[in-house]
**Student:** 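First, the structure itself, so that you have it in front of you.
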Amino acid sequence: EKYIGFHGAGGGGSMMSMDAVLKRGFKLANYCDTSGNPSASKVYRASKIILSQPDIRGYFASGSGVASQEQYHSARGMVKAFHEEKLSIPGVIRLGGNFEEKAVEILGNYLKDIPAKVEGYGRDDSPEFCAQRLEELIKENQSGYHEVKPVVDLVLPKNCYFFETLTGKLSIDHRKCTDCGTKGCIEACKAEILKLEDGKPVLSVSKEEAKKGKCTECLACEIFCTFHEQDAIFIHLPIPGLKEYRQKIVKK
Ligand code: SF4
Ligand code: SF4
């Protein structure tokens, strides 16, 4: 069967996008929509749930193409999810709308090293073209179907600096920061809630303020540190029920 995971953004654009893949003989394993200016953490969770389906052969994200939301948030959410899942099925991600160039750049820069080929597109690339690319990539892909992986319990290093965010927890392993040349997490944080103290990043606002939403869960600090520095930051974004759900799938 030609099942794919579907990740839309906006009802009308999603309908056009679904039509485009259905015309190529694909079947949709799910319908998921992250429109309405989603945070990177929300898109991350959506991707993780879509990638809990065992029989999919590709990942298709495509919405209206003219979304007013800042598309780089969606790109960062998918980068984190695809890396954690070690994605081995191809993906075509059409993130048309505000800051789409930056979104496509993020996908291109940070998804080079995963097993699967993932291509990013913008508003000038039609859903039909993107569906065609997905079909071509699936034909080239040898690994076939997506393999659902068990959820591994989080073990933070001892004495890690951490704070809670609106829906998760951000940890920084300060021991790694001594080898850091750029301290780039500070600039990456556009919410300006990180500052350096003895060469290590800490909150410049109170832990309560971070938890109430000053940390926007944009994932920018984690992605910067993972790919450009010492891999010291991890943002844990739990998904209730996912561990148990995947256990059932993996056992089958
Ligand atoms: S970029 Fe990473 S390694 Fe460098 S100071 Fe920030 S958290 Fe530490
Ligand atoms: S600390 Fe700053 S860069 Fe990191 S997730 Fe929170 S808001 Fe984003």
Side-chain angles (χ1 to χ4, degrees), residues 9 34 36-49 67-85 95 97-113 154-240:
T34 51
N37 208 16
S39 61
S41 57
K42 184 174 186 178
V43 174
Y44 160 83
R45 287 185 168 100
S47 295
K48 295 279 282 191
I49 291 166
S68 60
Q69 61 201 42
E70 292 161 338
Q71 295 289 19
Y72 51 81
H73 292 306
S74 295
R76 289 200 186 109
M78 288 185 212
V79 164
K80 179 172 166 69
F82 292 178
H83 267 277
E84 284 182 11
E85 297 299 323
L95 290 175
N98 279 356
F99 295 98
E100 64 178 36
E101 295 83 6
K102 185 172 174 182
V104 172
E105 192 181 306
I106 288 170
L107 295 172
N109 284 347
Y110 301 128
L111 291 174
K112 282 189 288 224
D113 298 332
L154 174 71
V155 183
L156 288 180
K158 277 185 184 158
N159 303 323
C160 216
Y161 177 83
F162 78 88
F163 58 86
E164 289 183 55
T165 64
L166 205 55
T167 67
K169 187 185 263 192
L170 187 152
S171 68
I172 309 176
D173 186 349
H174 277 162
R175 291 170 307 176
K176 296 182 175 176
C177 298
T178 48
D179 293 327
C180 177
T182 65
K183 311 292 180 190
C185 56
I186 306 294
E187 195 186 327
C189 181
K190 300 304 177 207
E192 298 183 340
I193 62 159
L194 296 178
K195 66 174 181 185
L196 283 181
E197 219 170 69
D198 297 330
K200 294 162 190 163
V202 294
L203 277 175
S204 62
V205 297
S206 69
K207 285 199 170 183
E208 290 70 32
E209 286 176 302
K211 184 172 166 50
K212 279 184 182 158
K214 288 269 184 186
C215 172
T216 57
E217 300 180 338
C218 73
L219 309 181
C221 55
E222 183 190 80
I223 287 179
F224 176 84
C225 189
T226 302
F227 295 103
H228 300 283
E229 277 297 348
Q230 310 298 318
D231 197 15
I233 300 183
F234 181 73
I235 305 175
H236 178 52
L237 299 166
I239 303 172

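Atoms within a ligand are numbered from 1 in the order they appear, just like the ligands themselves. For clarity, every value in this text was computed on a predicted model and none was experimentally measured. Along the sequence shown, residues are numbered consecutively beginning with 1.
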**Student:** How far is atom 3 (S) of ligand 1 from its nearest protein heavy atom, and which residue and atom is that?
**Tutor:** Cys180 CB, 3.5 Å
**Student:** For ligand 2, note which part of Thr165 has a heavy atom under 4.0 Å away: side chain, backbone, both or neither.
**Tutor:** neither
**Student:** Can we say Glu164 and Lys207 salt-bridge, meaning some charged N sits less than 4.0 Å from an Asp/Glu carboxylate O?
**Tutor:** no
**Student:** Considering heavy atoms of the protein only, find what lies nearest to atom 2 (Fe) of ligand 1 and give residue, atom and distance to 0.1 Å.
**Tutor:** Cys225 SG, 2.3 Å
**Student:** Which residue supplies the protein heavy atom nearest to atom 6 (Fe) of ligand 1, what is that atom called, and how far is it?
**Tutor:** Cys185 SG, 2.4 Å
**Student:** With rounding to the nearest 0.5 angstrom, report the CD to SG distance, Gln230 to Cys180.
**Tutor:** 6.0 Å
**Student:** Report the relative orientation of the aromatic rings in Tyr161 and Phe163; use parallel for angles under 30°, tilted for 30 to 60°, perpendicular for over 60°.
**Tutor:** perpendicular
**Student:** Quick one: which ligand 1 atoms are inside 4.0 Å of a heavy atom on Gln230?
**Tutor:** 3 (S)
**Student:** Minimum distance, heavy atoms only, to atom 5 (S) of ligand 2: which one of Ile186, Leu219, Leu203, Ile193 is it?
**Tutor:** Leu219
**Student:** Return the closest protein heavy atom for atom 8 (Fe) of ligand 2 as residue, atom name and distance.
**Tutor:** Cys218 SG, 2.4 Å
**Student:** In terms of heavy-atom contacts, does NZ of Lys183 have more than 12 from other residues, nucleotides or ligands at under 6.0 Å?
**Tutor:** yes
**Student:** Closer than 4.0 Å to some heavy atom of Ile235 - which atoms of ligand 2 meet that?
**Tutor:** 5 (S)
**Student:** Among side-chain atoms of Glu217 and Thr165, is any donor-acceptor pair under 3.5 angstrom?
**Tutor:** yes
**Student:** Against heavy atoms of Ile233, which atoms of ligand 1 measure under 4.0 Å?
**Tutor:** 7 (S)
**Student:** Is there an N/O/S atom in Cys177 that lies less than 2.8 Å from atom 8 (Fe) of ligand 1?
**Tutor:** yes
**Student:** Atom CG of residue position Asn159 - does it have more than 12 heavy atoms of other residues, nucleotides or ligands inside 6.0 Å?
**Tutor:** no
**Student:** Report, in ascending order of atom number, the atoms of ligand 2 lying under 4.0 Å from any heavy atom of Thr216.
**Tutor:** 7 (S)
**Student:** Can you check whether Ile106 reaches Arg76 side chain to side chain, under 4.5 Å on heavy atoms?
**Tutor:** yes
**Student:** What's the shortest distance from atom 4 (Fe) of ligand 2 to any protein heavy atom, and which residue and atom give it?
**Tutor:** Cys221 SG, 2.3 Å
**Student:** Only one of Glu229, Glu187, His228 forms a side chain to side chain donor-acceptor pair (under 3.5 Å) with Thr182, so which one is it?
**Tutor:** Glu229
